[in-house]
Engineer: 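My structure is below; once you've seen it, I'll send some questions.
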Amino acid sequence: MRHVLTTACPLDCPDTCSLAVTVDDGRIVGVDADTSPTANPFTQGFICQKVKHHAKRVYAPERVLTPLIRTGPKGSGQFRTASWDEAEMMTAARLGAAIAEHGVRSVVPYLYSSSGGVLANALTPMLFERLGCPDVEHTICASTVGAAWHQVFGSMLSADPNDLDHAGLIVVWGANPQASNSHLVPLLTAATKRGAQLVVIDPRRTAVSARADLHLAIRPGTDVVLAYAAARWLRHHGHVATEFLAAHTSGSDAFLDAAEEWTIERAAEVCGVPAVDIEAFATMLVTDAPALMRLGYGLERNRNGGAGCVGALGLWLVAGHFGRRGSGVIGSTSGGAPLDNDALWPQGIQRQARVTMNMNDVGLALNGELDGWPQTSVLFVQGANPAVTAMDQAMMLRGLASNAVFTVVHEQVMTDTAMYADVILPATTHFEVADLARSYGSFSLLAVDPVIGRVGESRSNDEVASGLARALGFAAQEFDPDPSRLLALMRTDGSSDSLPLRRAPGATVQFIDTRPGFGDGSTRARLLDPASEMPLPRFRPVPVSGSPTGLTLLTPATSRTINSMFAEFGPPNAVVSMSPSDAAARGVVDGDRVRVFNDLGELVVQASVDGSVRAGVVSIPKGLWRRHFDNAFTANVLIPREINDLGAGACFNDAIVDIEKSTLTDRS
Ligand code: SF4
């Protein structure tokens with residue numbers, strides 16, 4: 001029988017759409033937007049093409065349907081089926097033996113599950129904490145933006161994206177909403193039709209930048225210079241928000257003094273954009289208030305990532321764009337949800353201080369090359385595909401292939417990482433289990449309801465943690481995976497109200513409804529933080545090393561994938577986009593096969609001379625799988641294992657490459 005059921009999308013996308021899923025005889029036959037009155041209004045009646053075709057992943061030929069145990073060499077893809085009992089006992093035994101023989105630091109829990117809901121991240125982290133294993137920090141994405149926000153604003157909430165409708169100036173800085181926040185686009189369109197000015201700061205030409213009033217295509221890593229130059233211009237033209245700074249901030253003099261070295265002309269030289277454009281930007285900050293900034297994640301992915309983020313936030317404070325509807329900074333809205341993961345921790349059990357590992361160091365640890373750490377004995381991967389998402393991919397693949405490492409992968413489909421597993425555990429999709437979707441792009445918390453039965457023998461993250469916990473001797477009731485129990489523990493508002501929870505329109509004006517908040521009781525935003533690893537934003541020259549003709553490689557998200565998810569059936573084009581001048585300098589024309597290379601590795605791909613990137617910058621889409629390239633590497637093979645200046649974030653955009661015409665022919 002055919003019927004339509006509603007649920008929510010918890011994938012790693014800010015939008016958190018309400019979904020209407022058509023199910024026929026227990027099988028998904030269609031996914032679309034829920035347009036009922038209870039739907040998340042941010043959905044606006046449409047969803048992305050990826051999720052419209054999500055059933056292809058649910059019923060994919062690559063779907064893992066039973067536990068699997070490796071029978072051939074690592075990476076060969078040779079497995080036999082196994083029972084859950086056998087796979088669970090084998091995993092628990094290897095975890096126990098590794099801890100007993102080599103210590104807790106020989107176990108690496110690589111847990112991400114950013115495309116699962118709130119409950120998908122409940123019990124597995126707790127299990128590994130109870131075991132005393134390292135906390136592998138999520139430093140590959142959003143770590144630096146989060147650290148910058150925390151440094152400047154503390155616990156202050158994001159501005160409400162719906163307030164774009166009240167803005168006179170909108171600045172989209174380091175974000176491409178068309179690709180990864182598509183429901184912001186209609187709001188931008190409505191605002192600009194109403195007369196709001198739009199500024200986009202992005203080294204690439206995107207669908208949104210193409211219709212901006214001003215597009216500042218700065219060199220990657222120079223955001224802090226732009227922020228300082230605009231702040232200095234405001235100071236020298238008498239437009240600093242002096243009263244606001246005195247009432248609500250600390251450290252503004254130090255910030256403005258640090259900005260003094262960045263004249264418009266010098267900034268133009270470093271950022272690689274005309275001085276007149278930087279001056280126009282600074283002028284718009286004065287003339288087009290209220291001004292609302294969408295701070296994206298593109299700023300953080302380079303050595304100056306923290307400086308860029310803190311610099312942009314500092315500029316907004318200096319300009320005083322807060323305190324009225326249509327002003328402020330849109331960051332992650334997830335802080336508005338009344339949830340507390342710590343409440344899951346069983347009463348009466350003392351929490352121990354944990355050792356942390358930077359996720360960007362896992363490749364080294366797998367190879368036994370991470371200073372101060374033992375050779376990894378067990379790698380447990382859940383909701384992640386590091387074979388194609390980690391930096392220095394060759395190092396990661398060597399580690400995954402190491403026979404010294406026993407690898408367990410809990411996954412929905414046979415990913416490039418799962419191919420290297422010793423044990424694969426079949427994972428549910430969000431259509432098969434109850435969960436919660438906490439939006440980070442709108443203030444909403446939605447119920448994720450199962451719409452079909454389990455596909456194969458799949459189990460949720462919490463069920464896997466529960467089974468392993470039992471096998472390792474923990475009390476069953478502490479790891480009871482019942483979603484309603486977990487939710488009751490985590491809700492901090494004491495409410496049993498049904499979902500969705502939302503904040504009322506106009507009720508999240510920064511410095512009115514929500515204010516900076518810090519552990520020491522301070523409520524002043526901080527333009528200077530003496531206790532930080534980066535007290536003031538500081539520009540470090542961006543890398544152009546290795547070759548005088550070096551090109552900065554960007555690996556941006558596209559609308560085709562969520563990280564590497566969906567690339568198995570709908571990948572973006574595996575091409576390298578180049579500017580006409582960089583192509584001409586290398587004798588490359590559109591459609592040529594080219595070799596993209598640096599000291600770490602190489603790829604052979606087709607060149608797209610499409611004007612989508614500024615000179616000196618090239619881009620290859622994020623999310624592709626090894627099968628999409630001739631030599632079974634992806635763009636990540638070119639990305640250095642560097643971390644940035646705040647929050648130890650990954651420097652995906654600090655890859656310097658060169659390009660030459662390839663003599664190899666297309667394998668297809
Ligand atoms: S991935 Fe994003 S845009 Fe697509 S359905 Fe989910 S929340 Fe909506």
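Residue numbers count from 1 along this sequence. We count ligands from 1, going down the list as the structure has it; atoms in each ligand are counted the same way.
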Engineer: Check this for me, if you would: do Arg27 and Asp25 make a salt bridge, where the nitrogen-to-carboxylate-oxygen distance has to be below 4.0 angstrom?
Structural biologist: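 Result for this pair is no, no salt bridge flagged.
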
Engineer: Scan for ring pair (Phe, Tyr, Trp, His ring centres under 6.0 Å) pairs involving residues 174-210, sequence neighbours excluded, and state none if there are none.
Structural biologist: Phe46-His183

Engineer: Measure distances from atom 2 (Fe) of ligand 1 and count the protein N, O or S atoms below 2.8 Å.
Structural biologist: 1

Engineer: What pairs with Thr66 under side-chain hydrogen bond (donor to acceptor under 3.5 Å, both in side chains), at least two apart in sequence or on another chain?
Structural biologist: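 Checked Thr66 against side-chain hydrogen bond (donor to acceptor under 3.5 Å, both in side chains); zero matches.
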
Engineer: Do Asp610 and Ser577 meet the criterion of a side-chain donor-acceptor pair at a distance under 3.5 Å?
Structural biologist: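 Their side chains do contain a donor-acceptor pair, which is all the 3.5 Å distance test asks for.
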
Engineer: Which class fits the ring pair Phe566 and His54: parallel under 30°, tilted 30 to 60°, perpendicular over 60°?
Structural biologist: perpendicular

Engineer: What pairs of donor and acceptor atoms, side-chain ones from residues 164-175 against any protein atom, are under 3.5 angstrom apart with sequence neighbours left out?
Structural biologist:
| unit_1 | atom_1 | unit_2 | atom_2 | d |
| --- | --- | --- | --- | --- |
| His166 | NE2 | Arg325 | NH1 | 3.4 |
| Trp173 | NE1 | Asp223 | OD2 | 2.9 |

